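Before any comments, here is the structure.
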Amino acid sequence: MNAKGLLLEKIKDGTFALLTDTEISKKLRLNKQEAYAVRDKLHALCREGELLRDSRYRFGTAEQFGATVGTISGNERGFAFFMPDGGGEDLFIPRRFVNGALHGDKVLAIRRSNRIEDDEGEILAVISRGYGEIVGTFYPDHKGGYLHPDEKKFCADIYIPAGKTKNCKNGAKAVAKITSYEGKTPRGEISEILGESGDFFVEELALIRSHKLHEEFPAAVLREAEFQSSRRPEDDLAGRVDLRGELIITVDGEDTRDIDDAISIRKENGKYLLGVHIADVTHYVSRGSALDREAFSRGTSVYFPDRVLPMLPPALSNGICSLNEGVDRLSLSCFMTVNAQGNVLEKRVAPSIIRSAHRMTYTQITEIYENNRETRKQFPDLIDFVNTAIELTEILKKARTNRGGVTMDIKEAKILYRDGKISIPDYDRSISHEMIEQFMVLANESVATLTTERKLPFVYRIHERPSPDKARDFAEFLNEAGINAKFDPESVSPADYRDLLKSIETSSLYPIVNRVMLRSMMKAVYSPENAGHFGLASDCYCHFTSPIRRYPDLCIHRIIKESLKDAENANTKYRSVVPEVSTQSSACERNAAEAEREVDALYTVAYMQDKIGETYEAVISGVTSFGLFAELKNTIEGFIPIETLPEDGYEFIEERYLLRGTKNSYRLGAPIQVSVAGVDWGNRRVHFTLLNQAKEQIL
C-alpha cells in the first residue's frame, strides 16, 4: 500500500481521525520534508473527496466529523444558512466558514459547538453546485467581462472570458452558463442575451429564467399531446358512469382557460347529493410517457398576469382535458351524500363522462344568488341549483368551524394585464368563491379518506401543527397584547386557534392577531405519510381537484383508477413512487410560488410608478428594525423606511411586532394613511411615506 493509501486507512480506522497534518506528522516522527509530503497527500485526499478538512485543519471522514448533508441559502453580505436535508434547525454559517459554497449548493456541514443551543456551523465540502446557469447583468472589461447575478443570495460575479460574451452589450440582461467553479471566481460563458436591463418584459423573462421555468415544450411532448387530443371521448365509455344528462356546470374566473373541475347538486329527502367532477387527465397522460415525464419535471402550472406556463401542452390543458361548455369530456367524479349537519354519509369515486351545461363565472353565480334579475333571466335553470349550492356551502362552513377549522384571512392580489394595461382591483371574495372552495375541500377530504381506508399508497396534502417554539412565541405575543392565551404550546389544536379568533372577532386587535397566528403556522406540503391538515381541522386531506395544473392530483387519479381495477397491483406499483412525487411536487410548488410572487411584485411596481403622490388608506402588514410595511386594500404592499418616520430612536420589539418611539409607536395591523413616495425597480418594491402620525397604544 502506498503512503497516501496508508494515511487514508489510518484516518478511517480512527488512529489519525480528526488530527491536523502537524499532529499526524508528530505521531509518525517525520522530518520537515516528510511532513510537507504528508500535508500534500492529505490535501490530495480532500480534493478527491476521500477526506474532509475543517477550519482547524483537522482531517477526517464525514462520519467522524458528524457532518450533515443539506443546502445552502446564501446572503448578499457573504454569510449563509445551512438547511439540513433531513429536517431540523438551520445553522448560521459566518462568512469565514462558508468555504467557497454558494447559494443553492448541496454541501456537508457541521455544528461548530457541541452545545445544541449554538446554531453556528461550518461548511466542510461542496457535494454539488446549485447553479449550472444563472441570470444577471453583464458588464464588459478589456478581458471579457463579468455577469452580476440577479439572485442577490448568489454573492459571486461570473467571470466571462473574451470570446465567450456573444458580443453582449454593457448593462444587458443575459444568461451565463457556468463552466467552472475553480478559483476565487466562477467562470462562464454567455448562453442567451435577454435584452436591455430595465425593460419590463426583459425583467419578467429574467425572472422566468432565474427560476428555471419551462416556456416551451419539447417537440416529442407536443406531438404526443396532439395525438392524444385527437381522441374522441365518446369512444372511451367502457366502465364509465354517463352523466351527460345531469345538470353540471363549471364556475371559474372570467379569464380562466384550463377548466378542470365541475359540480352538480340536488337535494333529496333533506340530504344533499353533491358531485365534484374532475377532468380525467390520466386517460390522456399515461405513466412514463413523454407527457408524463414533462409534467413531473414542471410539477405545476405557473400563473403570471400576462401568461401561463402550463404543466401540460395547450392541446390538453385548454383542449381535450378542459371541461368546456357543451362538449363531452372524460372525468373522475366524487359523489357525496351530505346531511344537514355537514357530515358526509356516503362517498364514492368513479370514472365518468360529463357535458357541462354552462361555463359560469364567480360573478354570475353571486348575481343569481343575490337575485340579479338579468342574470336569473339568462340562467333560469340554475336558480334552484345555486340556492341549494349556497345552502350547502353555509352548512359546510359551519361544520368545519365547529370542528376547529382555522379562519385563514389571507388576501391574494388579483393583477390584471389587458390590452397593455395593468390594473389591480380591490380585494374581493364572494360567496361563490366560498362555495367552490368548500366543495373542492370536501371532495379532497373524501377522496383522501376513501384511499386511506383502502390502505393504498398516496400523496397527502399535509399541514402540521405549529412547532412548540412558534406556538410559544405566539402565546407570548398574545399575553403582551393583553389576550389570555388558553392553549398549550406543546399541543395546540385548530380548535384552540378557532376559539381564540372567535373571542376577539369584534376587537380592533383581530387583524393583528390573525396575521401573527398565520405566521406561527407551518407551511403545507405534499407527503406520502398522512399527518393531517391543521388549518382545515382535517384528519385526512389531499389535492384531487386540479390534475391539469398540479402533478400530485394527476398521481392521485392514477392510484384511484388503478385501485378500482386491482387494489393490490396499485399498492405494489405506487408504494415506491409517492415519496418521489411528494418531494418533487413540494419543491416545484415552492419555486412556482416564489416566481409568481416576484413577477407580481414587478407588475405592482409598474402599476404604481404613475401613482406617485397619491394617498391611500392602509394597514401595517410588517414591522422590522429598519421600517414598516403597509398594505393597501387591493393588497399592494409598500415599504416605509424608518428614517422617514417622525422622531428618532425607535425600539424594535420583535416578539410584539412593535416599533416603539417616545411619542409614536407602530404595530402590526394598525390602520395608517400613506402616500406613494416612489418605486424601486431593482428590488421590485414600492415606497410609501407615512401621512398620519396616529399614536398607537403601546401594548
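Treat the numbers as computed from the prediction; the structure is a model and nothing was measured. For the numbers below, each heavy atom of this structure counts, side chains included, while hydrogens, waters and symmetry mates do not.
Among residues two or more places apart in sequence or in another chain, the salt bridge (charged side-chain N to carboxylate O under 4.0 Å, His left out) test is passed with Arg244 by Asp242, Asp328. By the ring pair (Phe, Tyr, Trp, His ring centres under 6.0 Å) test, Tyr362 pairs with His433, sequence neighbours left out. Legend: residues meeting ring pair (Phe, Tyr, Trp, His ring centres under 6.0 Å) with Phe296, ordered by chain and number and at least two apart, are Tyr551. Here Phe458 pairs with Tyr460 under the ring pair (Phe, Tyr, Trp, His ring centres under 6.0 Å) rule; sequence neighbours left out. Residues forming a ring pair (Phe, Tyr, Trp, His ring centres under 6.0 Å) with His211 (at least two apart in sequence, or on another chain): none.
Put simply, the side chain of Arg465 never gets that close to the backbone of Phe534: no donor and acceptor are under 3.5 Å apart. Using a distance-only test at 3.5 Å, with no hydrogens or angles considered, no donor-acceptor pair links the side chain of Arg329 to the main chain of Asp260. The backbone N or O of Val285 lies less than 3.5 Å from no partner atom in the side chain of Ser289, so there is not a single donor-acceptor pair. In this structure a side-chain-to-backbone donor-acceptor pair under 3.5 Å is present from Thr361 to Gln364.
Between Leu632 atom CG and Ile424 atom CD1 the span is 9.5 Å, to the nearest 0.5 Å. How far CD of Glu598 is from CG of Leu602: 10.0 Å, rounded to the nearest 0.5 Å.
Residue pairs that meet the ring-ring contact (aromatic ring centres under 6.0 Å, His included) test with at least one member in residues 586-616, sequence neighbours left out, are Phe200-Tyr603, Tyr417-Tyr603.
Summarising the local packing, CZ of Phe201 is surrounded by more than 12 heavy atoms from other residues, nucleotides or ligands at distances under 6.0 Å.
Side-chain contact check for Leu312 versus Phe217: every heavy-atom pair is 4.5 Å or farther apart.
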Query raised in the report: After noting the C-alpha distance and the side-chain angles of Thr363 and Glu254, does the key distance pass the side-chain hydrogen bond (donor to acceptor under 3.5 Å, both in side chains) rule?
Result: CA-CA 8 Å; Thr363 301; Glu254 281 80 357; 3.0 Å; yes
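Salt bridge annotation for Lys398-Glu394: absent, with no cationic side-chain nitrogen under 4.0 angstrom from a carboxylate oxygen. Between Glu268 and Arg266, at least one side-chain nitrogen of the basic residue sits less than 4.0 Å from a carboxylate oxygen of the acidic one, meeting the salt-bridge criterion.
Tested against Thr282 for a side-chain hydrogen bond (donor to acceptor under 3.5 Å, both in side chains), the candidates His557, Lys561, Glu562 yield a single pass: Lys561.
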